[in-house]
Participant: 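This is the structure I have questions about; it appears just below.
Just so you know, ligand 1 is whichever comes first in the structure, and atom 1 is the first atom listed for that ligand.
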Amino acid sequence: MNIFYYDIAVGLPLRQCFTYQSKFIIKKGTRVIVPFGKKTIVGIVVKKISNPDTLKGLKEIISIADDSPCFDKSSFEAITWAADYYHHPIGEVFFSFIPTLLRKNNNKTLSASNKFSEYQLNEKDKKYKLTEEQSSVLLKLIKVKKFSPSLIYGVTGSGKTEIYLQLAETFIKKNKSILILVPEINLIPQVLKRFKDRFSGEIGIYHSRQTPNQRLKIWQRSKFGEIKIVIGTRSSVLMPLKNLAAIIVDEEHDHSYKQADGFKFSGKDLAIKRAQLENIPVFLGSATPSLQTLKLVKDKKYKKFDLLKRVDGKKPPKLIPLDISDSPLLGGIAIQTMSIIETSINKGEQVLIFINRRGFAPVYECENCGWVAKCSSCDSNLVFHKSKNRLICHKCESVYSVNDSCPDCQSTEINTFGTGTERVEEVLRSTFKKVPIIRMDYDSTRLKGSIEEIYEKTNKSKEAILVGTQMLSKGHDFPKVTLCVILNADGGLLSPEINAVEKIAQQLIQVSGRAGRNNNLAKVVIQTRYPYDENLKQIKTGNYQLVADQCLKINKANAMPPYSSVTILRAISPNPQSCIEFLKKVSSLLDNKKNISIIGPLPSIPLKIKGNLRNHIIIKSHTKSYLNRVLKFLTNEIETWPETKKVKWTYDIDPYDMS
Ligand code: ADP
Ligand code: ZN
Ligand code: ZN
């Protein structure tokens, strides 16, 4: 009888695979049940091996969980690429891309429903003639047949979504499938509606707020070729759609494509890798493309397709810096701003107010002794949430009850300082008593269907004021908005961070894209104490390409990304000394390496989260491939050190924040 040996990845934070034996031939990418310590768990077959190092103690695979592999060849390769590129335990990478129900030993088996969705084009929904720009871009994009990343640089309101729909149409007609990625769950309903209006047939959606059963269903329906269109967030990037024709990455610049914790991958970069492995087109859409993408366009690795005019032919709104140095603020709003808002409301128009902070007030303080409410396990002030009458830590989401008297001096003179969305909402409510004030932030969109409700209420209302965080600035289409107000741009303008200008330019231009989709007189008011700031002057032109070119020049001169490759190595421990010792040892190991520079150890911001202290070093090199090799060497070394046992350490490859 033949015995076969397999390397198996398990869903644990372990960088190695484990060898098991079996009497059966099993394809790689298949789920198997294996004994592991005292448990039996799910593993994924990584490869068949002919000669294990040792046969002693080799355990046997208990059973094969499914009739077919979970991953086809290209997804499998995309995963091994990702585990290597992000230096992340491969089992966890595999598990990130299968539904939770398939990660457990629970008798679930991949199964087809054999209900194949038919797709019919709803011709009536194609109600307008494409603009000249749209037609010419679409014609070129349809001709892209193989792997070749295409940037669709389309100003807000230039009709990018219409291009996606017509691209999808060409693939669906050929009986192929298509994957559409959006950066945030909140953006799904809008895109979903456009696809549902255009195609009859099931459109799958996939994101982390669905139930495990919903996710399993869509994943299986994709795998067995029962559905052909899926819209999802980064976790759907390896959706096992059959006959995949292309991947669309909408709002490609958006940092929400990057996972913030655990396996810190970029959904966008993985989409591009998958497209390369499948040799299919990938379309990246944005009005404010990332510097990384623009550099690759310059290097002729990506092609760029411009949509520079709005479909309605209207000019983009004017960005107007408003000097508030001498103005008292009421709930973050200056008097002049309030009267501009009033004018719009009196005309029966809608206004959008943008503030980058949720809750009522970021500071809850004793007027008598200066005590400030802080989280007991993080290095951060508690934010007062009036609607819940609670103090909440935005770092760990711990909730505290509100003190009526100061814990230090027992004074009852406790006050709140600063402004968040709730305070803005309250001030507007008392000023505009009859106008609907609609808040859109993390707290108001937690519940299922809440985003749809916000759309409905906004579209139904005549005049209305929307108040929201960055969530409101992204891709949403509120056709009646003619005025946008940005309450606190200065934080972004003055930020010392390396990519601060890119970020604030993207944010301001994206916000401005929410205004005046149907109006020539739309404007964006930016409250600032620095109206003559050089960067603001450039951003004010609304010409993103200009700002981006400038940023690229500066980053090139400073050898910063995308002209270099950066990784953050963070160490976390209740004991700060352990972090520093560990990071210093890493620094000294890498110090003599050619073409590597190290900054730090630095305290991370915030220094403390959930009782743990955080420090990091920034590792920089000239190319990604070289840095990858150095990190591989480093990882092997680190894992042998006694110092490593005292800390939790992680890499953030291509970080979005350097703090
Ligand atoms: P973007 O995604 O670039 O911001 P959208 O695709 O959402 O733009 O288009 C903005 C609005 O214009 C949508 O309501 C869409 O239905 C409409 N639209 C798209 N193409 C055309 C066109 N050729 N003529 C008129 N309206 C259009
Ligand atoms: Zn006090
Ligand atoms: Zn906390």
Participant: Need the ligand 1 atom indices (1-based, order shown) with element for anything under 4.0 Å from a heavy-atom of Leu130.
Facilitator: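 Listed by number with element: 23 (N).
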Participant: Is the closest side-chain donor-acceptor distance between His616 and Ser604 under 3.5 Å?
Facilitator: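 Yes, side-chain donor-acceptor contact under 3.5 Å.
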Participant: Return a yes/no value for Val311: is any of its N or O atoms, backbone included, closer than 3.5 angstrom to an N or O of ligand 1?
Facilitator: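 N/O-N/O distance under 3.5 Å: no.
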Participant: Could you list which atoms of ligand 1 come closer than 4.0 Å to a heavy atom of Thr131?
Facilitator: 23 (N)
Participant: Which is it for Arg194 and ligand 1 at heavy atoms under 4.0 Å: side chain, backbone, both or neither?
Facilitator: side chain
Participant: Can you tell me if NZ on Lys523 sees more than 12 non-hydrogen neighbours from other groups inside 6.0 Å?
Facilitator: no
Participant: Does the residue Ser158 have a heavy-atom contact with ligand 1, meaning some pair of atoms that are separated by less than 4.0 Å?
Facilitator: yes
Participant: Examine Lys160 relative to Phe283 and say whether NZ or CZ is less than 6.0 Å from the centre of the six-membered ring and inside a 45° cone about the ring axis.
Facilitator: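 Geometry flag: not set, cation outside 6.0 Å or 45°.
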Participant: Do the side-chain N and O atoms of Ser256 and Asp254 include a donor-acceptor pair separated by under 3.5 angstrom?
Facilitator: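 Judged by distance alone, the side chains do pair up.
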Participant: Thinking salt bridges, do Asp549 and Lys298 make one under a 4.0 Å N-O criterion?
Facilitator: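 So Asp549 pairs with Lys298 through a salt bridge.
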Participant: Would you call Lys129 a ligand 1 contact, heavy-atom distance under 4.0 Å?
Facilitator: yes
Participant: Hey, is the main chain of Lys474 close enough, under 3.5 Å, to the side chain of Glu251 for a donor-acceptor pair?
Facilitator: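 A pair under 3.5 Å: no.
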Participant: So between Lys126, Glu133, Lys160, Gln134, whose heavy atom ends up nearest atom 3 (O) of ligand 1?
Facilitator: Lys160
Participant: Using a strict 4.0 Å cut-off to heavy atoms of Thr161, name the atoms of ligand 1 that fall inside it.
Facilitator: 2 (O), 5 (P), 6 (O), 7 (O)
Participant: Could you enumerate the protein N, O or S atoms under 2.8 Å from the Zn ion (ligand 3), written like residue then atom name?
Facilitator: Cys375 SG, Cys378 SG, Cys393 SG, Cys396 SG
Participant: Please tell me whether Glu349 and Thr482 have a donor and an acceptor in their side chains that are separated by less than 3.5 angstrom.
Facilitator: yes
Participant: Between Ser290 and Glu252, is there a side-chain donor-acceptor contact under 3.5 Å, judged purely by atom types and distance?
Facilitator: yes
Participant: Quiz question: by atom type and distance under 3.5 Å, do the side chains of Ser376 and Tyr400 form a donor-acceptor pair?
Facilitator: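 Present: a donor and an acceptor within the cut-off.
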Participant: Distance alone, cut at 3.5 Å: any donor-acceptor contact between the side chains of Asn415 and Glu367?
Facilitator: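 Yes, a side-chain donor-acceptor pair sits under 3.5 Å.
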Participant: Residue-level breakdown please: for Asp477 versus ligand 1, do any non-hydrogen atoms fall below 4.0 Å on the side chain, on the backbone, on both, or on neither?
Facilitator: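 Under 4.0 Å from ligand 1, Asp477 contributes side-chain atoms alone.
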Participant: Is it true that Phe384 and Tyr364 have ring centroids separated by less than 6.0 Å?
Facilitator: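 When the ring centroids of Phe384 and Tyr364 are compared, they turn out to be within the sub-6.0 Å range.
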Participant: Would you call the rings of His385 and His394 parallel, tilted or perpendicular if under 30° counts as parallel and over 60° as perpendicular?
Facilitator: perpendicular
Participant: Flag the pair Phe147 / Arg274 as yes when at least one side-chain heavy-atom distance between them is below 4.5 Å, and no otherwise.
Facilitator: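 With C-beta onward as the side chain, the pair stays apart.
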Participant: Consider salt bridge (charged side-chain N to carboxylate O under 4.0 Å, His left out). Of Lys264, Arg570, Lys258, which one does Asp652 pass it with?
Facilitator: Lys258
Participant: What protein atoms of element N, O or S are positioned under 2.8 Å from the Zn ion (ligand 2)?
Facilitator: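 Atoms qualifying: Cys366 SG, Cys369 SG, Cys406 SG, Cys409 SG.
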